[in-house]
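First up is the structure itself, then whatever we jot down about it.
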Amino acid sequence: MSQQRSSNTPVGTAPQALMRAALWAIPIFAGLALFLMVFQGFDVLRPTNIAWLNGGPIDPQSYYLGWTFFLNTPWEIPPGASSDYGLELASSLYHTDGVPLMAFIFKALGGWLPRPFQYFGWFLLMNLVLQAVFAWLLAGRISEKVWFRLGATLLMLFSPPLLWRLPVHYALTAHWLILAALYLSLRSSTERKSLMWFGLIVLAAGINPYLLAMVLLLWSADVLSRAVFLNVGKVGLLIEGLAVVCTIPMLLWAFGFFELSGGFSGGGYGLYRMNLLAVIDSDGLSQFVPDLPGGPWDYEGFAYLGLGSLFLIGVVLVRLLSQGHRGWARIPKAMAPRFYPLAAMCVALTIFALSNRIGVAGLNLEIPIPDRLEAFANLLRSSGRLFWPVFYLIVLAGLMGAASLLQPRGASIVVLAAALLQIVDLYPQWSKAADRYGLREVGSEWETELVSDFWGTAVGCYGEFRIHPTRNKPDGYESVAYLAATHSRTTDAVYHSRLDQSAVQELNSRIDRQIAVARPDPNALYFLEDGSAIAAKISGLDPDDLVVRVDGFNVLIPDGISCFGEEIVDKELDLDALIEERSRLSESPVASASTDRVHLMDGWYGAEPEHVWSKAPIARLALVLNQPITQPATLELGLRGVISALQPSIQIGVSLGDRQPQTILVDEWSESVRIDLSPESARASSGHDQILVVQLENQTRRPPVDVGLGTDSRPLGVGFTGARVVESDSGRRASGADGS
């Protein structure tokens, strides 16, 4: 008896299903190919290869350091906390951009992991493959033609904003989250949509807060669309909304987002914007499209479409204009009312990305906004990034226009040609990235500035490594933090996405006091900037507490002789030589025949022809006198302020040592400030008869561009033009000093 085919099984179904499954190899292969092009191989996938993270920009160093401290620290409450990385400034892995979702998984497996260990290579590979997969899915909603889908996938895979971030900002390369959110937004079926959105939002929360914000905004537009235009049950939408609203704060708490006690609104909105011409500004990354003028931080809003996408949009516009009303009638789906919330959200995202400081090439127009609104906007201060969903919708609009206005064969040819143009246009970007960013470096150790045998002894004697004065990303922090991480020590040398500035000031003040009274923590090794090293040397340290110079670093070693032996005295810092060296670097802001000198200790920018500007709320200088102050005298300081009609005055606190600050109101461009001195007060300011330490405190740092003074975007405090000490009885003490 012959076997008969079931009447319920359509002929050819199994081969067609197999073919559809095989087609998924196209986007997967495309993602792999781009990965190979950029990284020139698979070495970055080796878990113990960490050298490539130290070969280029500073950001990948912070990702690895944050992850390593997190891995080596026992689980805390909340789980994402990482108290060893930062000490008093510590927050969590979340604020080092270490991709908490991946970090939690691998920390749970920590007992089985080799050391060192990194997962960033696999994360980047995953992002590129998923970018191609979701681009393939989105293209399938426009056309089922394989060649069309391939061209569309390549256009969205070779996305300039994605490629620009790829070697530098790893978490921000998860653009597939945006594509997945757009896919759900454009998906007409509501089956399991709530569950898909919830899962996507959870993934975004575990990767990056900016991407989470974008996904949440697209989700909210889709919820509104389903409620108003698709008549989805309100109870189901309410449950979905409550699930998101209740779950996301708990996830962010677990990941450590709320561990930052202050500084969420750290300033920068309006600086890290998108320029109005960003979609056609290649920023030098194109072979054919020129770099346009722009603001110094417009790179955060980099949104160049690429020559291929511009070509595609141009073809569609020409075709649309030539067909008139018939052309518009061919793309009714794009005008469907259910997409109105999505369109409104795109307008809002674009406005936010442009910010209140609108830039058109090199021109700027500032629209004042209330301080509270600006503080809220600073939660997402790199506002230019928020344009990315609109960026991909522009590309999708071009693809939809090609599919609607051209014959299927013609549409496929145009889209493939656009993809080819895109790849060729961006060739310099992805072909040289490996060399430019050190991505081909291979090794299980970092090369740092700390090469002396001194450090091997130091890690056996001290449990804390501190940089003073500290701040976010202090000079040399990566070498100090790497030394601490590889020897299971703690450190305040950090680079976090956000840092509580009040905690920074409090910590620096405490260490300043320790140094001033010559009582450093015996468990801490201090890496001191030149100004702090001078302060330590003149504070009257215990003979066993030494300031030494090793590998270019000034290092305060409490009870150093006990740790290193008598021979360490040979490395002791020469105070006079340091002051002389710093004075020679001055290019003095004010010419003077004086033999006294001023050394800028900390908190200053580089010297300019006539002055030097403070860059921190507290800036200090040391006036090195020709002879001690033996009778009442007057300190004269030349100070400048960032003064304009928008900022008519600034308040400056001037103090000497432990004396209470004297508040000075500077309401003119340049003023001379006089402070009475006595031999006792002068000596108390430094503990040294011939060095006078002056501290200037200013909380009103603002960029001149903000107050209508030119285009300087640096946050400037007080300008220092010179200083001298004049004896009160004669007013003519022959000693003056210039800023160095």
Side-chain angles (χ1 to χ4, degrees), residues 84 87-88 448-470 474-493 507-582 599 601-602 620 622 624 657-658 683-691 693:
D84 284 351
L87 295 170
E88 296 87 350
T448 73
E449 302 166 273
L450 308 181
V451 297
S452 171
D453 294 338
F454 171 91
W455 310 109
T457 304
V459 295
C461 297
Y462 304 96
E464 297 177 356
F465 293 169
R466 295 186 175 275
I467 287 185
H468 183 73
T470 194
D475 294 341
Y477 99 92
E478 65 278 11
S479 296
V480 177
Y482 179 71
L483 180 67
T486 52
H487 292 89
S488 299
R489 298 295 184 262
T490 58
T491 185
D492 62 7
L507 174 59
N508 282 331
S509 296
R510 180 167 65 81
I511 303 298
D512 276 336
R513 288 192 296 270
Q514 288 181 354
I515 291 175
V517 299
R519 292 181 182 175
D521 183 347
N523 188 45
L525 190 77
Y526 298 83
F527 293 77
L528 304 178
E529 290 189 2
D530 287 349
S532 296
I534 292 172
K537 288 289 289 185
I538 64 180
S539 67
L541 289 170
D542 186 278
D544 288 341
D545 298 340
L546 303 176
V547 180
V548 297
R549 184 87 166 178
V550 185
D551 291 336
F553 288 87
N554 306 314
V555 187
L556 170 58
I557 45 175
D559 199 14
I561 293 178
S562 296
C563 179
F564 296 93
E566 293 289 344
E567 62 274 11
I568 194 64
V569 176
D570 295 337
K571 296 182 181 292
E572 192 165 8
L573 181 69
D574 186 328
L575 175 61
D576 292 334
L578 177 60
I579 292 176
E580 182 65 30
E581 175 190 353
R582 297 304 304 170
H599 167 59
M601 295 174 65
D602 43 59
R620 296 184 300 167
V624 184
D658 294 333
R683 189 174 300 111
S685 78
S686 67
H688 195 286
D689 286 343
Q690 289 183 261
I691 298 179
V693 177

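Just so it is clear, the model here is predicted, and its values are computed rather than measured. Residue numbers start at 1 and run along the sequence shown.
- Listed for the D559 side chain is no donor-acceptor partner under 3.5 Å among the backbone atoms of P522.
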| task | Walk me through it: do I515 and L528 pass the test side chain to side chain contact (heavy atoms under 4.5 Å, CB included)? | result | CA-CA 11 Å; I515 291 175; L528 304 178; 4.1 Å; yes
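- Note: T491 OG1 to I467 CD1 = 6.5 Å, rounded to the nearest 0.5 Å.
- If you take CZ on F564 and CZ on F454, they are separated by 3.5 Å, rounding to the nearest 0.5 Å.
- In terms of the side chain to side chain donor-acceptor pair (under 3.5 Å) criterion, residue partners of E88 (sequence neighbours excluded) are, by chain and number, R466, R510.
- D545 meets the side chain to side chain donor-acceptor pair (under 3.5 Å) test with no other residue; sequence neighbours excluded.
- Rounding to the nearest 0.5 angstrom, the gap separating the OG atom in S509 from the CD atom in Q514 is 11.5 Å.
- Looking only at distances, no side-chain donor or acceptor of D84 sits under 3.5 Å from a matching main-chain atom of T490.
- Between S452 and D551, the shortest heavy-atom distance links the atoms N-OD2, 2.9 Å.
- Using a 4.5 Å heavy-atom threshold, the side chains of I557 and I568 count as touching.
- The minimum heavy-atom distance linking P520 with L541 is given by the pair CD-CD2, 4.3 Å.
- When all heavy atoms are compared, the tightest approach of C563 to T457 is O-CG2, 3.7 Å.
- Looking at every heavy atom in both residues, L525 comes nearest to A458 through CD2-CB, 4.1 Å.
- With a 4.5 Å cut-off on side-chain heavy atoms, T470 and N508 count as touching.
- Side-chain contact between Y526 and P558 is present, with heavy atoms from C-beta onward closer than 4.5 Å.
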Ignoring hydrogens and angles, write down the donor-acceptor pairs under 3.5 Å from the side chains of residues 481-489, residues two or more places apart or on other chains.
from : atom 1 : to   : atom 2 : distance (Å)
Y482 : OH     : W446 : N      : 3.1
T486 : OG1    : Y482 : O      : 2.8
T486 : OG1    : L483 : O      : 3.2
H487 : ND1    : L483 : O      : 3.0
R489 : NE     : V459 : O      : 2.9
R489 : NE     : Y462 : O      : 3.0
R489 : NH1    : H487 : O      : 2.9
R489 : NH2    : V459 : O      : 2.3

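- Note on residues 517-529: pairs passing salt bridge (Lys or Arg N to Asp or Glu O under 4.0 Å), not counting sequence neighbours, are R471-E529.
- Side-chain contact between K537 and L573 is present, with at least one heavy-atom pair separated by less than 4.5 Å.
- In the displayed structure, D570 atom CG is contacted under 6.0 Å by more than 12 heavy atoms of other residues, nucleotides or ligands.
- Not counting sequence neighbours, D542 has no partner by the salt bridge (charged side-chain N to carboxylate O under 4.0 Å, His left out) test.
- Here OG of S532 is found 10.0 Å from CD1 of I511. Values are rounded to the nearest 0.5 Å.
- A donor-acceptor pair is defined here as one N or O able to donate and one able to accept, closer than 3.5 Å; such a pair exists between the side chain of N523 and the backbone of G463.
- A donor-acceptor pair shorter than 3.5 Å cannot be found between the side chains of H468 and D492.
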| Steps toward side chain to side chain contact (heavy atoms under 4.5 Å, CB included) verdict (V555, V547) | CA-CA 5 Å; V555 187; V547 180; over 6 Å; no
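- R620 and A535 make their closest contact through NH1-CB, 4.4 Å (heavy atoms, listed as atom of the first residue, atom of the second, distance).
- Remark: E478 engages no residue in a salt bridge (charged side-chain N to carboxylate O under 4.0 Å, His left out) (not counting sequence neighbours).
- Using cut-offs of 30° and 60° on the angle between ring planes, the pair W455 and F553 is perpendicular.
- Under the 3.5 Å distance criterion, the side-chain polar atoms of D544 are left unmatched by any main-chain donor or acceptor of I561.
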